[in-house]
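Everything below concerns the one structure shown next.
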Amino acid sequence: MECLNFSDAEKPINEYSELLESYLKKYNVECFDYSKFSDPKYIGHGGFATVHSTAFEGNKYALKKLNNNWCINRKAFNQLKCELKILNDVEHQNIIKFHGISREQISGDFMIVLQLASDGSL
Ligand SMILES: Nc1ncnc2c1ncn2[C@@H]1O[C@H](COP(=O)(O)OP(=O)(O)OP(=O)(O)O)[C@@H](O)[C@H]1O
């Protein structure tokens with residue numbers, strides 16, 4: 001008899017955000033306090049995220065919020081974890097710098113904090 005594997009059901013990305021944060025903290029990824037971001041200005045959105053420019057303690061960043069209608073299963077979550085860890089390890093003058101992550105505690109909204117491409121081109 002064939003059994004359905006309910007443990008691998010897809011869930012919205014915000015339901016993984018706490019797990020994602022604690023995993024990345026182990027690798028010293030900086031976790032920005034979401035309440036300290038100010039002056040958000042909409043830049044644009046893609047298939048998986050919405051991007052705003054914002055300020056944090058006097059510095060400007062691009063804040064990329066993952067869309068909660070993006071649903072992933074456990075395997076895709078594990079891939080995302082690895083990709084974010086790799087992004088944190090990469091440093092190159094031609095690659096937008098990954099500064100860290102942020103999480104809105106109540107909604108679970110998950111954000112990636114990036115270098116702000118000043119001329120709007122990436
Ligand atoms: N670090 C950044 N600095 C400035 N603008 C950015 C930055 N990252 C993304 N953007 C802008 O925000 C918008 C959305 O970007 P995003 O990467 O979410 O979508 P995308 O490039 O369409 O890719 P996809 O749909 O594959 O996710 C685009 O206009 C992009 O140029």
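Remember, it's 1-based here, ligands and their atoms both numbered in the order they're listed.
Which parts of ligand 1 touch Phe48 is read off a 4.0 Å heavy-atom cut-off, strictly below it: atoms 27 (O). Here is the list of ligand 1 atoms found below 4.0 Å of a heavy atom in Ala117: 2 (C), 3 (N), 4 (C).
Looking at Lys64 and Leu114, their side chains come closer than 4.5 Å, going by heavy atoms from C-beta outward. Side-chain contact between Tyr27 and Lys25: absent, with no pair of heavy atoms (C-beta onward) separated by less than 4.5 Å.
Environment of CD in Glu18: sparse, with no more than 12 heavy atoms of neighbouring residues, nucleotides or ligands closer than 6.0 Å.
Polar contact with ligand 1: absent for Leu116 (N/O pair, distance under 3.5 Å). At a 3.5 angstrom cut-off on N or O pairs, Lys64 counts as close to ligand 1.
Checking Ser118, Gly47, Ala62, Ala49 against atom 25 (O) of ligand 1, the nearest heavy atom belongs to Gly47. Comparing Ile43, Asn67, Leu66 against atom 5 (N) of ligand 1, the shortest heavy-atom distance belongs to Ile43.
Ring orientation note: the planes of Tyr61 and His99 are nearly perpendicular, at an angle over 60° on the 30°/60° scale.
Remark: Lys65 is not positioned above the aromatic ring of Phe110, lacking an NZ or CZ atom under 6.0 angstrom from the ring centre and at most 45 degrees off the axis.
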